[in-house]
Amino acid sequence: MTSAPRQVELRFNPVEIDRKWQERWEKDNLYRVEDRDSRPKWYDLTMYPYPSGDLHIGHWYAMAPSDCHARFRRMQGYNVLHPIGFDAFGLPAENAAISRGIHPYSWTMSNIENMRAQLRSIGAIYDWDREVICCLPEYYHWNQWFFLKFLEKGLAYRAKAPVVWCPSCQTVLANEQVLNGSCERCDAIVTRRDLEQWFLKITDYADELLDFGRLVEWPEKILMMQRNWVGRSEGVEISFDISHNGLEEKDIRTFTTRIDTIFGVTFLVLAPEHPLVPQLTTDGQREQVEDYVNQARQTSEIDRLSTDKEKTGVPLGSYAVNRLNGERIPIYTADYVLTTYGTGAVMGVPAHDERDYDFARKYGLSVRTVIAPVEWDGKEPTEAFLGSGFMTNSGKYDGMTDDEGVAAISADVERNSWGSRTTSYRLRDWLISRQRYWGTPIPIIYCATCGAVPVPEEDLPVLLPEDAEFKPTGESPLADHKAFLNTICPRCQGPGRRETDTMDTFIDSSWYFLRYISPGFDKGAYDPELLKQWLPVDQYTGGAEHAVMHLLYARFFIKAMRDMGMLDFDEPFLRLFNQGVILGSDHEKMSKSRGNVVNPDDVVGVMGADAVRCFLMFIGPWDQGGPWSDVGINGVARWLNRVWALVERNPDDLASGETDPQVVRDTLRVLHQTVRKCHGDLDRFKFNTAIAALMELVNHLSKVWAEASVDPENWRECIEKFLLMLAPIAPHISEELWERTGHPYSVHSQGFPEWDESLAADETITLVVQVNGKVRDRIEVPAGIDEPTAHQLGLYFANVAP
RNA sequence: GCCGAAGUGGCGGAAUGGUAGACGCGCCGGUCUCAAAAACCGGUGGGAGCAAUCCCGUGUCGGUUCGAAUCCGACCUUCGGCACCA
């Protein structure tokens, strides 16, 4: 992309002004955040970026408006913490190491170096002394410490879990490395493999994560997504009798939310991975079942979860007994049932469940209606009936509504000890093991006699060895590194072997906002006194793509820490706001292949940081995102140019004109309305309308100047307040103009202007009086008029009898 | 399939029950200039009219209301998220 054409001839040198003030602010430590401060604190946090190497215009879109908000809070008299750091562990660094032979550390740190400079060009109030980089030992030390604490508390455990495995590369793949069931590097068909891995018990907090009561302001949309993600459903765990098989296990446990349909069960389905599958398979079926189970292993989870795919399954050859009616029902295995949800077994009720219906039709299983729709004709249904109705074919429960049936059958099931009412969650425990080099080593030592032994706290951090080999074989560099691998068991002093898996990077982002409080603190993850002072985060902003995982993990972390007595609040982020996505000027998502990527450095180097900041905020509502426009940015550049010219005028030139009291009143009204509008809009992230209001004020002042109908004092007041309102939006140019108008440094240390309601609120509106759609009259009424008064006035003016 | 958000000039958008189109882009006309750019001034939803003015107009169709872009119902389209959850 070539640099954007500048079609505006500026009266000032924006690049020079950016440089001048960025240097001055840094020299004076203007934005250093002091912990000791009498002002109330405000923690305005933006999601920290991954150091990909280049600051994208999308980063600007996330950071410039959030900086504006932080600056606004600062001018409102808060001691604002608005920090920045880098989410520096992760896959891309490792890929760069493999493909280009650069060590992940050097790759990451040089990217950070580059991005720091680019971030500075935004002109944000970042206090760089608080920068957090989570790939450094001084940070990941505490990841390891948290892990040990979770382990102590019983919130971390080890279990087998499947990973995606490429048989040709001999390596574990991330989901994003699998394309249509094949490895992205070698095209081999991927399979799944069970590995011992570490989990954190987020499911212990499932119910509390659904309680959003302590959040002050989160988008309803995000709450909905989290609710669905946790996926709480209440039902009954009901067991089916298999004691006639002579196995140790006498029951198949299934979970259902529709226990009222228990008399409609015509088959059972076990997930292919279900432990009872081999035992319940008869010899005649064994070959077929084993083939099917192997095939299900090969099938990627995504394919297995696809609704388009036709249902498949295989009968095991054995049967179970439905204890409520004594019926024998066949047992199948089918991949539409997942081990990870409920009990991994499902009672098949084809008449009242779509998947079961499809399955039953395909395999010729009977379909028995047990909930009768209101106008049921008694015929076999042609699709699953999911609605409400009356129970039928259900013995003594016939005639009840489905709700009554749920209550009655649940009670009977519990009385007979056939099962119990339970709650099931879609949420799974958090798998934190990654078979990668570039992450936090999990501080565990395996010993032949002692088992998995935690590394003692005083031995932390377990350092990532710097001299790992990155070979394209797919071998984990840690598993290969003898010096790292071989160690001594801390318990018995015998030979030990280190855990070679590293942690998920979501661990880093689950507490990085605590580290900003005391980034250099070496006696713990954070200074507890300062934590009390700064946390929780008052306002969090970032992309909606982190709606579930990151935000749920961080909420879980804080709740677990609270229960371990480390802190005393319940939620990390009180308010949340999600910005939208910045699109290319072709209204499409920016991508290198489309060639619509905007490089912010090019634009800033010509237009200056303030023009880019203003344009990004002016495009439209921040949460909606919008298209970049090389042409549109000229609009705000032109406006800043007009602002410059306006502010440079000598107010004393107005002394010769004749002051018009009406114009003075109007001008003050516009001024105070603008202040009020900016206050409300900047508070609620409505930057586009705040800027529009400032533009209107400028337009008004230009007109007033031409008429010379206000006195110099009015003019000075307007300009001063205008510059203060502009300061959080365009910090460089407003600082420059603040100085040029003879004000003491710095505009950013001033308070945001206040408005006088009496000067702002003399608006009237035109009320259109209509009778049956015909306009009878138009009347001027006060804007704050209430409904009944308006109605009365209307009747009076329209000359209509009430 | 389910859930959510949104549909307004040539374009980005404003107005959340009170004169639709603020603000900006673009475009048109003018001033300045040898000329152009920039800057400044004016105009700019569609249609009719010399004009004052009138008619139509916020995805589509209905409804509520004195009055609807805004509230309600159905449908269409686009975008985002989730998905065999038993």
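By convention in this document, chain letters (A, B, ...) are assigned in the order of the sequence lines, proteins followed by strands, and residues within each chain are numbered from 1. Predicted model only: the values in this text are computed from it and were never measured.
- We find that CZ of Arg258(A) is positioned 11 Å from P of rA86(B), with the value rounded to whole Å.
- As rounded to the nearest Å, rC56(B) and rA69(B) have P atoms that lie 13 Å from one another.
- Between Phe267(A) atom CZ and rA86(B) atom P the separation is 15 Å, expressed in whole Å.
- For Asn699(A), the listed nucleotide lying nearest its side chain is rC23(B); candidates were rC23(B), rA15(B), rA38(B).
- The listed nucleotides are rG12(B), rC84(B), rA86(B); the one nearest the side chain of Tyr336(A) is rC84(B).
- Note on His352(A): nothing from the nucleic acid sits closer than 4.0 angstrom, heavy atoms only.
- Across rG26(B), rG12(B), rC23(B), the shortest atom-to-atom separation from the side chain of Met695(A) is found for rC23(B).
- The distance between atom CG of Leu583(A) and atom P of rU78(B), rounded to the nearest whole Å, is 17 Å.
- Among rA83(B), rA38(B), rG26(B), the nucleotide with an atom closest to any side-chain atom of Arg426(A) is rA83(B).
- Between the OH atom of Tyr425(A) and the P atom of rA86(B) there is a distance of 14 Å, given to the nearest Å.
- Sequence order on RNA chain B of the closest nucleotides to Gly626(A) and Arg638(A) puts Gly626(A) first from the 5' end.
- Here the closest non-hydrogen pair linking Ala611(A) and Val636(A) is O-CG2, 3.5 Å.
- Checking rA38(B) for Watson-Crick or G-U wobble geometry (two distances, each under 3.5 Å) identifies no partner in any strand.
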Given side-chain hydrogen bond (donor to acceptor under 3.5 Å, both in side chains), test Thr667(A) with His700(A) step by step and report yes or no. CA-CA 8 Å; Thr667(A) 302; His700(A) 181 87; 3.1 Å; yes
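- Taking atom CG on Asp681(A) and atom P on rA14(B), their separation rounds to 11 Å, with Å as the unit.
- Here rA5(B) presents its P atom at 15 Å from CZ of Phe577(A), a figure rounded to the nearest Å.
- When distances are taken from the side chain of Arg11(A) to each of rA14(B), rC40(B), rC84(B), the shortest belongs to rC40(B).
- In rG26(B) the base sits anti relative to the sugar, since the glycosidic angle is further than 90° from 0.
- Taking the centre of each ring, Trp628(A) and Phe615(A) come in below the 6.0 Å mark.
- Between Asn688(A) and the phosphate of rC23(B), there is no side-chain N or O to OP1/OP2 separation shorter than 4.0 Å.
- Rounded to whole Å, the distance from CG on Asn322(A) to P on rA86(B) is 19 Å.
- In this structure, the nucleotide among rA22(B), rG80(B), rA86(B) sitting nearest to the side chain of Phe255(A) is rA86(B).
- In a base pair of the Watson-Crick type (N1 to N3 plus N6-O4 or O6-N4) or a G-U wobble (N1-O2 and O6-N3), with each distance short of 3.5 Å, rC25(B) is matched with rG10(B).
- Taking the P atoms as reference points, rG21(B) lies 14 Å from rG43(B), given to the whole Å.
- With a cut-off of 3.5 Å on both pairing distances, the Watson-Crick or G-U wobble partner of rU53(B) is rA48(B).
- Sparse packing is recorded around CZ of Arg253(A), with 12 or fewer heavy atoms of other residues, nucleotides or ligands lying under 6.0 Å away.
- A distance of about 15 Å separates the C1' atoms of rG62(B) and rC76(B), rounded to the whole Å.
- Taking every side-chain heavy atom of Trp229(A) into account, rC82(B) is the closest of rC84(B), rC82(B), rG26(B).
- A distance below 6.0 Å separates the ring centres of Phe359(A) and Tyr332(A).
- Taking the six-membered ring for Trp and thresholds of 30 and 60 degrees, Trp430(A) and Tyr553(A) have nearly parallel ring planes, at less than 30 degrees apart.
- At a cut-off of 3.5 Å, with distance as the only test, no side-chain donor of Tyr336(A) or Asp358(A) sits close to an acceptor on the other residue.
- Proximity note for Val346(A) (side chain, C-beta onward) versus rA38(B), rC84(B), rA86(B): the nearest is rA86(B).
- Looking at which nucleotide of RNA chain B each of Asp353(A) and Lys686(A) is closest to, the 5′-most match is held by Lys686(A).
- Comparing rC25(B) with rG42(B), their P atoms sit 14 Å apart, to the nearest whole Å.
- Using a 4.0 Å heavy-atom cutoff across all strands shown, Arg227(A) reaches no nucleic acid atom at all.
- Closest contact between the side chain of Lys677(A) and the listed nucleotides rG26(B), rA15(B), rG4(B) involves rA15(B).
- The distance from atom CG of Asn634(A) to atom P of rG24(B) is 14 Å, rounded to the nearest whole Å.
- Of the candidates rC11(B), rC84(B), rG24(B), the closest approach to any side-chain atom of Lys311(A) belongs to rC84(B).
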